[in-house]
> 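Pasting in a structure now, in structure tokens, and then I'll have a few things to ask.
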Amino acid sequence: MTENVPRILVLFFSRTGTTRLLAEAIARAENCELEELREARSRRGPLGWLRSGYEGAYGYSAKTLPLRHDLRNYDLVFVGSPTWSRSLSSPVRGFLEDHGAELHDVAIFATCGGHGGEAVLDQMSTLLSEVPLARLALLERDAKRTPAVWAAEFAERAVAAWEARHKKCG
């Protein structure tokens, strides 16, 4: 690790592409690695939409496929989720249940159509071993219109919090 320059990974799940837009903007802002959480089953179409809403509403977890990137190689990990029925998406819930204890320096973000973004961030926080360095709940319209603006400010806050945390510890 170069002093005060964290190795960063952005992880996300996106069914419709909205969360992907924000995740890509964060990765561009920090010039870092990007990985989409994947599942074996498709969530496309009306049945995928219904299943996603049901799983979100009832707090289900979905198993994700193995990551291409090794979490141990990163100092800071961003994790993003869409909002499903005002709840955390089941793939991100499953990922955090399996790996949340491994994420010590993490920033979390959620996209939502109107309501529930903050609730999703709260649900994500409970699945982590540490308090997130930064949080962002973003409306779908903002994620689609101006993701770079929101991503740059959010990423800057997260990196500054990481630097402050490691200045105290280092």
Side-chain angles (χ1 to χ4, degrees), residues 1-14 18-38 56 59 61-84 86-112 116-140 142-143 146-170:
M1 170 181 73
T2 307
E3 191 166 330
N4 288 333
V5 180
R7 294 167 298 188
I8 302 172
L9 176 64
V10 178
L11 292 172
F12 70 98
F13 183 84
S14 186
T18 303
T19 307
R20 174 192 312 278
L21 289 172
L22 183 54
E24 289 172 345
I26 294 167
R28 278 192 305 276
E30 290 301 319
N31 192 30
C32 63
E33 301 289 330
L34 177 71
E35 183 166 347
E36 184 169 10
L37 296 171
R38 300 166 293 127
S61 300
K63 189 76 172 157
T64 57
L65 297 173
L67 296 175
R68 295 185 325 267
H69 295 86
D70 185 342
L71 294 173
R72 295 172 293 191
N73 293 335
Y74 297 92
D75 303 308
L76 172 58
V77 178
F78 288 81
V79 180
S81 176
T83 300
W84 291 353
R86 298 184 184 198
S87 296
L88 178 59
S89 69
S90 55
V92 175
R93 181 182 304 280
F95 171 78
L96 291 176
E97 286 174 353
D98 291 345
H99 300 284
E102 299 170 46
L103 301 173
H104 300 290
D105 291 311
V106 64
I108 55 177
F109 60 99
T111 58
C112 61
E118 287 297 327
V120 168
L121 296 177
D122 291 343
Q123 291 168 30
M124 292 173 81
S125 294
T126 65
L127 298 170
L128 296 169
S129 62
E130 303 276 337
V131 174
L133 295 171
R135 296 167 44 125
L136 175 65
L138 193 61
L139 292 172
E140 178 181 8
D142 295 325
T146 56
V149 173
W150 294 98
E153 190 271 333
F154 172 58
E156 185 177 302
R157 276 190 293 122
V159 171
W162 180 87
E163 289 170 344
R165 178 180 284 177
H166 290 278
K167 191 178 290 184
K168 290 177 190 175
C169 297

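Below, each value reflects all heavy atoms present in this structure, side chains not excepted, and no hydrogens, waters or symmetry copies.
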> Would you say W84 and C112 make side-chain contact, with heavy atoms under 4.5 Å?
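No, their side chains stay 4.5 Å or more apart.
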
> Looking at E156, I'd like to know if its CD atom is crowded, meaning that more than 12 non-hydrogen atoms belonging to other residues, nucleotides or ligands lie closer than 6.0 Å.
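No, not enclosed.
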
> Within this structure, what is the CG-CG distance for the pair D122 and L88, rounded to the nearest 0.5 Å?
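Rounded to the nearest 0.5 Å, the CG-CG separation comes to 11.0 Å.
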
> If we ignore hydrogens and angles and just use 3.5 Å, is the side chain of D105 paired with the main-chain N or O of W162 as donor and acceptor?
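Between the backbone of W162 and the side chain of D105 there is no qualifying donor-acceptor contact (under 3.5 Å).
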
> Would you indicate whether the side-chain heavy atoms of M124 and P132 approach each other to under 4.5 Å?
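Of all side-chain heavy-atom pairs linking M124 with P132, none is under 4.5 Å.
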
> Evaluate side chain to side chain contact (heavy atoms under 4.5 Å, CB included) for K63 paired with D98, printing each intermediate quantity in order.
CA-CA 9 Å; K63 189 76 172 157; D98 291 345; 3.0 Å; yes

> Over all heavy atoms of both residues, which pair between L34 and A23 is shortest? Give the atoms and the distance, please.
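Nearest pair, atom of L34 first, then A23: CD1-O, 3.7 Å.
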
> Nearest 0.5 Å, what's the CZ-OG distance between R93 and S87?
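Atom-to-atom, R93:CZ and S87:OG are 6.5 Å apart.
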
> Look only at the side chain of E35 and the backbone of H69, and say whether a donor-acceptor pair between them is shorter than 3.5 Å.
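Answer holds: yes.
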
> State the CG-CG distance between L9 and L76, to the nearest 0.5 angstrom.
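Reported to 0.5 Å precision, the distance equals 9.0 Å.
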
> Please tell me if the side chains of L128 and H99 come closer than 4.5 Å, counting only heavy atoms from C-beta onward.
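No, side chains not in contact.
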
> Might you point out which heavy atoms bring T19 and S14 nearest each other, and give the distance in Å?
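Scanning both residues, the minimum pair turns out to be N-OG, 3.4 Å.
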
> Within this structure, what is the CH2-CG distance for the pair W150 and L21, rounded to the nearest 0.5 Å?
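If we round to the nearest 0.5 Å, W150:CH2 and L21:CG are 15.0 Å apart.
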
> Minimum heavy-atom separation for L37 to F13, with atom names?
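Distance-wise, the nearest heavy atoms are O-CD1, 3.3 Å.
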
> Roughly how far apart are E153 CD and R157 CZ, rounded to 0.5 Å?
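Between E153 CD and R157 CZ, I get 4.5 Å after rounding to 0.5 Å.
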
> Quick check: do I8 and V77 have side-chain heavy atoms less than 4.5 Å from each other?
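When only atoms from C-beta onward are counted, V77 and I8 do not touch, as no gap falls below 4.5 Å.
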
> Considering residues, nucleotides and ligands other than N31, do more than 12 of their heavy atoms fall under 6.0 Å from its CG?
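Result for CG/N31: open.
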
> When you compare the side chain of C32 with that of V10, does any pair of heavy atoms fall below 4.5 Å?
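Yes, their side chains come closer than 4.5 Å.
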
> Ignoring hydrogens and angles, tell me if any N or O in the side chain of E36 forms a donor-acceptor pair with the backbone of F12 under 3.5 Å.
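A pair under 3.5 Å: no.
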
> Would you call the rings of F78 and F109 parallel, tilted or perpendicular, taking 30° and 60° as the class edges?
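F78 vs F109 ring planes: tilted.
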
> Is a side-chain donor-acceptor pair under 3.5 Å present for E140 with T111?
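Absent: no donor and acceptor within the cut-off.
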
> Without swapping roles, check the side chain of S90 against the backbone of S61 for a donor-acceptor pair under 3.5 Å.
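No; zero donor-acceptor contacts below 3.5 Å.
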
> Decide yes or no on salt bridge (charged side-chain N to carboxylate O under 4.0 Å, His left out) for R7 and E33, but give the supporting numbers first.
CA-CA 9 Å; R7 294 167 298 188; E33 301 289 330; over 6 Å; no

> Nearest 0.5 Å, what's the CZ-CG distance between F95 and L11?
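Answer rounded to 0.5 Å: 5.0 Å.
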
> Using every non-hydrogen atom in the two residues, find where G117 and A137 come nearest and quote the distance to one decimal.
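Answer, listing the atom of G117 first, then A137: C-CB, 3.7 Å.
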
> Evaluate the criterion side chain to side chain contact (heavy atoms under 4.5 Å, CB included) for residue pair I108 and S125; output intermediate values, then yes/no.
CA-CA 8 Å; I108 55 177; S125 294; 3.5 Å; yes

> Using the rule given for salt bridge (charged side-chain N to carboxylate O under 4.0 Å, His left out), can you reason through D75 versus R165, listing the C-alpha separation, both sets of side-chain angles and the distance that settles it, and then say yes or no?
CA-CA 12 Å; D75 303 308; R165 178 180 284 177; over 6 Å; no

> Ignoring hydrogens and geometry beyond distance, is a side-chain donor-acceptor pair present between S81 and S89 at under 3.5 Å?
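Present: a donor and an acceptor within the cut-off.
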
> How close do A143 and T18 get, heavy atom to heavy atom, and via which atoms?
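Nearest pair, atom of A143 first, then T18: CB-CG2, 3.8 Å.
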
> With heavy-atom distances below 4.5 Å as the criterion, would you say the side chains of V106 and L133 are in contact?
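No, side chains not in contact.
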
> Work out which heavy atom in V92 is nearest to a heavy atom in G80; give both atom names and the distance.
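Result for this residue pair: CG2-O, 3.5 Å.
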
> Are any of the side-chain nitrogens in R72 or E102 under 4.0 Å away from the carboxylate oxygens of its partner?
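Looking at R72 and E102, the cut-off is not met.
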
